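Keep in mind it's a predicted model, so treat the numbers as computed, not measured. Order of the sequence lines fixes the chain letters, A, B, ..., with proteins taken first and strands second; residue numbering starts at 1 for each chain.
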Amino acid sequence: MKRYSAFAVAREALRYHTGWERAWRSPEPKRRYDVIIVGAGGHGLATAYFLGKNFGITNVAVLEKGWLGGGNTGRNTTIIRSNYLQDPSAAIYEKARSLYETMSQDLNYNVMFSPRGVIMLAQTEHEVRGYKRTAHANALQGVQTEWIEPARVKELVPIINLEGPRYPVLGGLWQERGGTARHDAVAWGYARACSAMGMDIIQKCEVTGVRSENGRVVGVDTTKGAIDCDKLGMVVAGNCSHLSEMAGFRLPVESVALQALVSEPIKPCMDVVVMANTVHGYMSQSDKGEMVIGGGTDGFNNYTQRGSFHHIEETVRALNETFPMVSRLKMLRQWGGIVDVTGDRSPLISKTPVDNIFVNAGWGTGGFKAIPGSGWAMAELMATGHSPLAEEFSMMRFKEGKFIDESVAAGVAH
Amino acid sequence: MSTRLAKNGRLIDRSKQIEFTFNGKRMKGYAGDTLASALLANDQMMVGRSFKYHRPRGLVAAGPEEPNALVGLGTGDRFEPNQRATTTELFSGLSAQSQNHWPSLDFDVLAINNKLGRFLTAGFYYKMFIHPRPLWKHVYEPIIRQSAGLGKAPDKELKDADTYEHFYFFADVLVIGGGVAGLQAAKVAAQSGAKVLLLEQHNYWGGRAPVDGGTIEGMEPGAWVEKTLEELRGMDNVTLRDRCMGAGVYDHGYALGYERLTDHAPGQGGPRHRLWRIRASQIVTATGAIERPLSFAGNDIPGVMLAASMRDYAVNWGVTPGQKVVVATNNDDAYRTAIAMHGAGVEVVRVLDTRDSGGGSLMEEVRALGIRVECGRAIAKVKGSKRVTGVAICAQNGEGGAQEEVEADAVAMSGGWSPVVHLWSHCGGKLIWDEAHANFRPDPERPPLGADGNGFVIAAGAANGAAGLADALHDAQTAGEAAANAAGFTPKVGDAPAAEAPEENAMEAVWLMPAKADIKLRMKTWLDYQNDVKVSDVQLAAREGFESVEHTKRYTTLGMATDQGKLSNINGLAILADSLGSEIPQVGTTTFRPPYHPISMGAIGGEARGEIFQPLRKTPMYDWHDSNGADWEPVGQWRRPFAYVRSGESLHDAVNREVKNTRDNLGLLDASTLGKLVVKGPDAGKFLDMMYTNMMSTLKPGKCRYGLMCSENGFLIDDGVVARIDEDTWLCHTTTGGAERIHGHMEEWLQTEWWDWKVYVANVTEQLAQVAVVGPNARKVLEKLNEKAGGGMDLSKEALPFMEWRDGEIGGFKARAYRISFSGELSYEIAVAASDGLAFWTALMEAGQEFGVMPYGTECLHILRAEKGFIMIGDETDGTVIPQDLGLNWALSKKKEDFLGKRAHSRSHMADPDRWQLVGLETVDGSVLPDGAYAVGNGVNANGQKNTIGRVTSTYYSSNLGRGIAMGLVKHGPSRMGEVIEFPGTDGKIYKAKIVDQVFYDKEGEKQNV
């Protein structure tokens, strides 16, 4: 892998950029791999990356039915934060956040992680208490957050209207080291690093069957033929129910459409990420200048990758109210992705009823921020059979009733 | 130079001059002008700067597909960035500013990026700025952010001065596009009796036809358009709207229209935009086609324009971008531009036709005008920087060696036409590649599907790939008939209006001009004008393995600008296909997403702003509270008084006063917001036994019982007092926030699981006003009211014991009195009709004077219940707490076979003895524990987090006890009474608290049973 740098760009410019090599190879699948990861989204690629980096397992294929990074990795609102309430959540999201800090250097790929800070607004007394509680919990979890008063909110977010006639801003939970990153670059950076370690990323290769013998996985059938493996990782978000059905078990997951939208680009006016859960809206400004806005999930299950317009209305109303200037911007584009939601809205990083099949799913509306932590934990679980970060996210928790419920801290999509 | 022509201009009124300003410069135009045509008339060729290289940009198009001419419009609270000059109708006093430059449009410092263009290729930022790490946040990113973006942000302190509204419409057939195809399709559908809505985005009808010529039914197209419009206007079942764009198509025949009501006349009252929310059985998309640019070096220099757009400017508005025009084309249509410009008195220097065999009769017509036409020729390069100065001509099938240079100040280009398939595609309609016309058009076999599995969108005319006037009308006729049929009507099957237009020769796909252009030319050949994506960028992406069209788009930003690739997408993916050695249909397109063209956030929000952002629910006593010092707290959509603040008193003082007075004398609480659900029917008892953990079916009429509700997973979700009214009627109180949620919860179970049970649930929360009369003097005040009224309900301990209710009259009001208490005091909750609420409240306040009455708010309510150790849903519970955690095992019926949550309670973790349990907490020094603090144990867990052993759930200052009191959940709490545990605060202090019984006040409950 040729390293990227300003020097390399300058050198290539002199020869009209004819010397750049492929960011990742595009091989045909081999007959067999030690590990197959299904799903070349952020979580799948990060899993493969840490299998190689932390455990030296590089005979790995990542299979992708479409184009890598084309699912929710390329459709989310790119927010990174770890101000979760419950211990297991805070642990894995903070691990992820800290890995984001050095991801550009680790991958030699600028993923533009930008710790611009995240505020979650409190607009009811109930939310005030909830966020103060989170701040207390975070302090013990090693997550840096603080409760801030309205004046400080205004300082950080000049375009906010504190005195909305319906839900005045009473303060907020501030995570200074939260922020955003360039979502596509995360997938591309991991893909490039995996490919450089000799792993095969095989796009346009859909899994059509999962083969197991004596309760143990032996391989998969794909649109590019049968491929054997010792271990199989299923990391396919909204499609995980389909895949688990092929393997012969069910997951406690439902798939629903989640929407987002962007405005036309404008000059910088908001540096931090703001989430307003009472009125159901959140917004940040991308480096391109677009206001990036997250909507809600539809109330019914589906796989269409598009959603109902009334959710967009609800979100935009909330933002017009919270940031009055938004009313004079225009919506450029809206889109949807299929998110996989579990009963307690926390993810699964888990062994399954079939030996050597592992599942990583259920990130619901907030998976992007977890990518490196999720990959780290999943790789550890697959390589060693045990990961402290993943332990509480076993699917067995639904049998035990040991839920990880964050709803008290984050009422809506995150 | 660009000027107003002496003739032409069918859309302008030369008798009405209009003044406007551009970058502060005063200019003149005519009524009917767009801002774009008026700028051309004033020789304002340069209108903006591009996104990345800050290159000079001029008008390329005449419609919404325009990528360059984005301006800031208006001032102050009516300022809006990124408005397209081409879709902005000129009005008197219009003030526009060009964007993305500093210090001025003419001289822009960041144009340095253009000089660095060779370094700043596609995706350069992924490869740079990696080291040293802190510089990204503090240096590189701020610079990139500042140079990106387009228009200025609106003022942060100003609120939008305009209003917006939503509009609902139901149509059998929605026709989008008011060109000849849309008009014909609408007419055919309407004649079948179908209710038809026809939307046109412009302020004029007829689309391109009046500009392009030919005849329809022997008439000029413009005359036919007028005639057809008259017919449609005469039909009751037809609604026509201009200035109204079809913005999006969604599932189930839902569509959005975006009507711009006063953009052309700001400040004239009425809403600015109207969002049409349309439900249609069938949708006909007659949205026309968009011309494609040609890819040659210098194709972004101001003065290079789409051929049909140049014709539009000349014919519709009587303006020309130049005096010496070169036309470059791969099809016959551009010859119409040569004819139009020549007819307008503009010199056409050359027509360069890439086809060796040239065009058909239109070419002959051009030649007959004495214009030089050269076949097999191409533009090697356009010269100029801020405007076109000349054109170097070469062979199309070569590498770009210039054979001739001509002087010119404008270039008209035509690379063929792409049907506007956006609305077809929004909801899943698929496309096929049309080799002959080199474009994607709707695949009629794979339309967007409705709930019945049949298609609900039909494309018509040029939007369906029809070429030429006759084809388009024929296609529209068929589409109108099909739509009417599918919507359940019987259309009269007939012939499309006869149309005549010149025969055209086949076009030839040209994706690069000249075909073998070298790298230096390709680096100057633009695909996406706004985002500065060049042919060389797409080729680089392909070379680096970004082979999916989505990867290329995202890596290069092709098609991601505000025009969403209307001009660039097909050209870009053709280059990609070529680079990959693949075919265009194999590479495919990116996904089309709504809206077709950006729509205002104001319109999306509609009327719901400010006070009516969300419904505000008020109790009947709301105004009384408001004028008596209420400090409001939003609770769901309600507002409740947090406390009633007297003058000279702090909020904290007010709360303490209310707490003390209610314990000592008499307090009144407006409890009207508490949910009240009537559950009625022969199976109501059985149903409530399932909903509540307690047994409700055995409750006797006249009695009350405190009930708990769990979710299927066993977690406590609501609580409240249930009263049995009669044999088959129960009244269930819920929390304020729970009324709608619990009503929905009950309905869900009734409708999806126990649909055969005979039970009705009605939410009567708003039908009743409810007042809690609380304190040692509670009975006295009520008896006094009865006394004044000359009699009433017997409220004695014997007649109305604790946890019972009675109907009757109190103080002359028809009332239902419940002997229930959430404060531990003698307490009556009295429900009266909502219409009597204020009068009853006022009567109580008056009668209560001698007993020391004071109203109290939610905070006092909380403190009173905390002093008594009563739990509060949302404080002691958070969705993870089960009744057993709160010592409420007594409320879990052992007799019942089942209730919601029962099975969940048998899961292993629910029975875990290590679950945190409810206790009282008292700080050692009497201070108030911080809200939400956690108690720490020893060491850290496997993830390095400090181990916790409990947390504070409620914490208050009790003025009755003169100290802080709290409740919390603590591991093994009830067996650790007296132990002191530590709560680190976020303020750095460690709070020490003793574990105590959760009942702090009147432990024996003597005060409520009097």
I599(B) portion near chain A, given a 4.5 angstrom heavy-atom threshold: both

Test side chain to side chain contact (heavy atoms under 4.5 Å, CB included) applied to V279(A) and F613(B), step by step: CA-CA 10 Å; V279(A) 293; F613(B) 162 54; 3.5 Å; yes

From H131(B) atom NE2 to N108(A) atom CG, the distance as rounded to the nearest 0.5 Å: 6.5 Å

Among A153(B), P634(B), P595(B), G879(B), residue most engaged with chain A (heavy-atom pairs, under 4.5 Å): P595(B)

Region of P134(B) that comes under 4.5 Å of a non-hydrogen atom in chain A: neither

Carboxylate-amine/guanidinium proximity below 4.0 Å for R328(A) and D77(B): no

Y140(B): partners by side chain to side chain donor-acceptor pair (under 3.5 Å), with sequence neighbours left out: none

Salt bridge flag under 4.0 Å for residues K127(B) and E12(A): no

Close aromatic pair by centroid cut-off 6.0 Å: F546(B) and W24(A): yes

Atom pair CD (E400(A)) and OG (S908(B)), whose distance is rounded to the nearest 0.5 Å: 4.5 Å

Partners passing side chain to side chain donor-acceptor pair (under 3.5 Å) against R640(B) (at least two apart in sequence or in another chain): T673(B), T736(B)

E547(B) bridged to R22(A) by N-O distance under 4.0 Å: yes

Residue part contacting chain A, namely of M523(B), when any heavy atom lies under 4.5 Å: side chain

Heavy-atom side-chain proximity of E146(A) to T986(B) below 4.5 angstrom: no

Largest heavy-atom contact set with chain A, pairs under 4.5 Å, which of I144(B), T858(B), L540(B): L540(B)

Pairs of heavy atoms under 4.5 Å with chain B: top-ranked of A23(A), G289(A), C269(A): A23(A)

Step-by-step side chain to side chain contact (heavy atoms under 4.5 Å, CB included) determination, D184(A) to H551(B): CA-CA 9 Å; D184(A) 291 325; H551(B) 280 155; over 6 Å; no

N-O pairing of D931(B) and K132(A) below 4.0 Å: no

Gap separating the CZ atom of R145(B) from the CG atom of D287(A), nearest 0.5 angstrom: 5.0 Å

Under 3.5 Å donor-acceptor, N320(A) side chain and M601(B) backbone: yes

Mutual orientation of the aromatic rings belonging to F309(A) and Y254(B) [parallel < 30°, tilted 30-60°, perpendicular > 60°]: tilted

Heavy-atom pair count under 4.5 Å with chain B, highest-scoring of M112(A), E125(A), K399(A), Q141(A): M112(A)

Pick from Q83(B), K52(B), H905(B) with the largest number of heavy-atom pairs that fall under 4.5 Å of chain A: Q83(B)

Contact origin within H426(B) toward chain A - heavy atom pairs under 4.5 Å: backbone

Salt-bridge contact D912(B)-K402(A) (side-chain N to carboxylate O under 4.0 Å): no

From D878(B) atom CG to L85(A) atom CG, the distance as rounded to the nearest 0.5 Å: 7.5 Å

Atom pair CZ/CD of R593(B) and Q305(A) - distance to nearest 0.5 Å: 6.5 Å

Donor-acceptor under 3.5 Å (K156(B) side chain, I160(A) main chain): no

pair T880(B)-F403(A): side-chain heavy atoms closer than 4.5 Å: no

Electrostatic pair E141(B)-K288(A), nearest N-O below 4.0 angstrom: no

pair W188(A)-R554(B): side-chain heavy atoms closer than 4.5 Å: yes

Residue selection (most heavy-atom pairs with chain B, distance under 4.5 Å) from Q123(A), K154(A), E391(A), M291(A): K154(A)

R182(A) NZ/CZ over Y126(B) ring centroid, <6.0 Å and within 45° of normal: no

Main-chain N/O of G605(B) paired to E313(A) side chain as donor or acceptor, under 3.5 Å: no

Minimum side-chain heavy-atom gap H136(A)-P930(B) below 4.5 Å: yes

Spacing of F119(B) atom CZ and H17(A) atom NE2 [to the nearest 0.5 Å]: 7.5 Å

Contact check, side chains of M325(A) and E157(B), non-hydrogen atoms, under 4.5 Å: no

Heavy-atom closest contact (E321(A) atom, A608(B) atom, distance): OE1-O, 4.5 Å

Partner chain B: residue of R317(A), E101(A), K95(A), E314(A) with the largest heavy-atom pair count (under 4.5 Å): R317(A)

Residues R133(B), S104(A); criterion side chain to side chain contact (heavy atoms under 4.5 Å, CB included); working and verdict: CA-CA 8 Å; R133(B) 182 153 72 93; S104(A) 295; over 6 Å; no

Ring-ring centroid check W136(B) F113(A), cutoff 6.0 Å: no

Sidechain-backbone polar pair: K946(B) side chain, A137(A) backbone, donor-acceptor under 3.5 Å: no

Residues K159(B), N161(A); criterion side chain to side chain contact (heavy atoms under 4.5 Å, CB included); working and verdict: CA-CA 9 Å; K159(B) 286 188 186 143; N161(A) 176 26; 3.7 Å; yes

Backbone N/O of L14(A) and side chain of R118(B): donor-acceptor pair under 3.5 Å: yes

Short side-chain to backbone donor-acceptor contact, K137(B) and P115(A), under 3.5 Å: yes

Test applied, side-chain contact (heavy atoms from CB on, under 4.5 Å); reference residue, I604(B); option that passes from L261(A), I312(A), V326(A): I312(A)

Within-4.5 Å side-chain heavy-atom neighbours: R166(A) and R639(B): yes

Proximity breakdown for S147(B) and chain A, heavy-atom pairs closer than 4.5 Å: backbone

Residue, of L140(A), T18(A), I159(A), V111(A), that accumulates the most heavy atom pairs under 4.5 Å with chain B: L140(A)

Over all atoms of both residues, closest heavy-atom pair of Q146(B) and P268(A): OE1-CG, 3.7 Å

Which of G70(A), G66(A), S286(A), G307(A) touches chain B most, by non-hydrogen pairs under 4.5 Å: S286(A)

Side chain proximity check, D160(B) to P324(A), heavy atoms < 4.5 angstrom: no

Side-chain (Q105(A)) to main-chain (I130(B)) donor-acceptor, under 3.5 angstrom: yes

Contact check, side chains of N943(B) and D87(A), non-hydrogen atoms, under 4.5 Å: no

Toward chain A, the part of L256(B) with a non-hydrogen atom under 4.5 Å: side chain

